[in-house]
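Order of the sequence lines fixes the chain letters, A, B, ..., with proteins taken first and strands second; residue numbering starts at 1 for each chain.
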Protein chains: 2
Amino acid sequence: MTSTDVARDSGVSRTTVSYVLNDTPGVTISDQTRARVRASAERLGYTPSAAARTLRTGRSDLVLYVLPDWPLGPAVDSLLDHLAGELAERGLSLLVHHQRGGRPLTDLLRVVTPRAVVGFTAFATADRDALRRAGVQVLGTLLDDPGAAGLFTASQRSIGRLQARHLREHGHRVIGYAAATDPRVAHFVELRLEGVRAECAEAGLAAPQVISVDPSLESAVAAVRGWRSADPAATAVAAYNDDVAIAVLAAVRAEGLQAPRDLAVIGVDDGPAAPFTVPPLTTVSQALEVQARHLAGVVVEGLRGGDEEGLPTGDDLIEVVARDSV
Amino acid sequence: MTSTDVARDSGVSRTTVSYVLNDTPGVTISDQTRARVRASAERLGYTPSAAARTLRTGRSDLVLYVLPDWPLGPAVDSLLDHLAGELAERGLSLLVHHQRGGRPLTDLLRVVTPRAVVGFTAFATADRDALRRAGVQVLGTLLDDPGAAGLFTASQRSIGRLQARHLREHGHRVIGYAAATDPRVAHFVELRLEGVRAECAEAGLAAPQVISVDPSLESAVAAVRGWRSADPAATAVAAYNDDVAIAVLAAVRAEGLQAPRDLAVIGVDDGPAAPFTVPPLTTVSQALEVQARHLAGVVVEGLRGGDEEGLPTGDDLIEVVARDSV
DNA sequence: CTGAAAGCGCTTACAG
DNA sequence: CTGAAAGCGCTTACAG
């Protein structure tokens, strides 16, 4: 099923088929011919070969979104959905690549020729350069690595900062930090923790005591004991995310204590379980719908050759959802 | 950066470059020449054009995984990771497409030329046919739609069955069902519910009273009142998933009742919050690691042209994780 | 053992 | 207003 078939079927040349099907501007073709060509294409179920178009034009309508190795949660799905929609309106298709192991990104070029690659996390320098060399546009990253400008999302540091500030505003002077143990997420833990540290330091509080939580009940119980037996004892804990916070909350109950009276807890994500914990979990919400819209704009702007600098960093894209655990 | 550049740089023809870089069997090329070609390719950062290869050979090393519109949870990520790994070992790359709105799948063919498309849910017949016509292999689905054999996963019906059976085995004779309201998930609700109904019918129990839950606390409270005021009153509830179950559990507490004494609750997913609810949630776990391995095998087998029939349906891939809510 | 040549399916100057 | 022809970068019979 090629354009030759359509041409033969509708009694015109392949040139005309191409002009009609691509709505090429600046050519004048009778409405009658156009209709005939479209009808043939439709009837024959013709789809132009992506490989041939890409080879010929040297560019494709494909945008590749590169996702990292670690678990991301449902928020990213809706982000992708939204981005795909925005791109579709501009004739672009979005495909997602789940990065795995250490395999270089350039392996992908053996299989697709994207117009642009958008990274959720930072690219390895070698990958970035190789992609650029192959004529692929490389579009920013989400992480606030030094030197890699955050593309669209709230910075991880500001999430930590916001947690600490909320705790501080509720009178807590000694704050613990519940880190996650999953190594794939270590970088994020570090960035959020930095935010907590910075806020504590600026407010003249002691540095947060960091304890990792599995999350299993045993691990969380050990952590709760750790914070409470420290000197000075922590009265509040900022957790890496809701999952960790939920485990800590369970440990508080298991120890016969009460949140927030004996230990306040704040999470990150505002996941589905957060409103229903005991007590309901105070947490940081990341307004991902808004971020998605923003990301879409940035990507589209970037594709148009615009400047990716000077974009909002998005600190206003996070907020605390106050419930009863603080 | 084309194979011509590599040929010139290493002083051979493009033919030889292709033979060396593809390790084409049956050609004899001196080790010295091979080394020279590889060195050039490496130094020049040469990656063959995916478009040109695909166009010339008529096949690509791309497998497309089509994901549905609705939220899937982290389990699918690990499934994808595993599949990508298995495929990579066979020289195949996996890319994911998040299906959106009603846009036809064939739009994708304007952008990529996959060897095969693997569907998480069933394909629309039109899509399936169009893909096949374009020479793309279409590989099964997960849903147990009539006529669309389940590709790899446990059937949704058996999940519902298993919930009801567990409840029944714990002495419950009147069972309620907590459905989800998200329309994107309606089909799954229906299938799981069918399983519950079937199990109840076979055991001679009344049909389950179905109430939808938001999930918000108000909605869940209304549901709990509904089940308890029914005649006969339900003593146990099978929930569509953990999220719904968690809301129901919160409603039970809000009403001053206790689970499982006043109302037993069983979820589906065994998500991260399940061990930490009050009381800890009994739920159905879907051995997704195992399913992933299985899926990878099926896909690879399918690509090899093998038969996708006669595969395990995977009813042994689910099990209840008994905690304290039943 | 290596190279010249054809051709995959498309788009797009260019000629008529 | 429409068509013949070139050429994108590759692979692969085929000739030497």
Would you mind reporting whether [Y] and [X] have side-chain heavy atoms less than 4.5 Å apart?
X	Y	answer
B:Arg110	A:Arg53	yes
B:Val37	B:Tyr19	no
B:Leu131	B:Leu108	no
B:Leu95	B:Tyr65	no

[N] [atom2] sits how many Å from [X] [atom1], rounded?
X	N	atom1	atom2	answer
B:Arg8	C:dT2	CZ	C1'	18 Å
B:Leu109	C:dC10	CG	C1'	15 Å
A:Arg59	C:dT11	CZ	P	13 Å
B:Arg34	C:dC1	CZ	P	10 Å
B:Met1	D:dC8	CE	P	15 Å
A:Arg14	C:dA13	CZ	P	16 Å
A:Leu21	C:dC10	CG	C1'	12 Å
A:Arg53	D:dG7	CZ	C1'	17 Å

Just by distance, with hydrogens left out, do A:Thr15 and A:Ser18 show a side-chain donor and acceptor under 3.5 Å apart?
no
Under 4.0 Å between any heavy atoms, over every strand shown, what does [X] touch: base, sugar-phosphate, or nothing? Just pick one.
X	value
A:Val27	nothing
B:Ser18	base
A:Thr15	base
B:Thr54	nothing
A:Ser3	sugar-phosphate
A:Leu55	base
A:Thr33	sugar-phosphate

Is the side chain of B:Asp129 donor-acceptor paired with the backbone N or O of B:Ala126 at a distance under 3.5 Å, no angle test?
no
Which is it for A:Arg90 and A:Asp61 under the salt bridge (Lys or Arg N to Asp or Glu O under 4.0 Å) test, yes or no, and what are the steps along the way?
CA-CA 9 Å; A:Arg90 289 156 175 94; A:Asp61 296 328; over 6 Å; no
With a 4.0 Å limit, can you tell me whether A:Thr16 has a side-chain N or O closer than that to the phosphate oxygens OP1/OP2 of D:dG3?
yes
Under 4.0 Å: is that the gap between some side-chain N or O of A:Ser13 and OP1 or OP2 of D:dG3?
yes
Under the rule of Watson-Crick or G-U wobble with both distances under 3.5 Å, where | means paired to another strand and [ ] a crossing pair, DNA chain C maps to |||.||||||||.|||
Please determine, for the side chain of B:Tyr19, which listed nucleotide (D:dG7, C:dG3, D:dG9) has the closest atom?
C:dG3
Which atom of B:Ala41 lies closest to which atom of B:Val6, heavy atoms considered:
N-CG1, 4.0 Å
Assign each of A:Asn22 and B:Thr57 the nucleotide of DNA chain C bearing its closest heavy atom; nearer the 5' end lies the nucleotide of B:Thr57
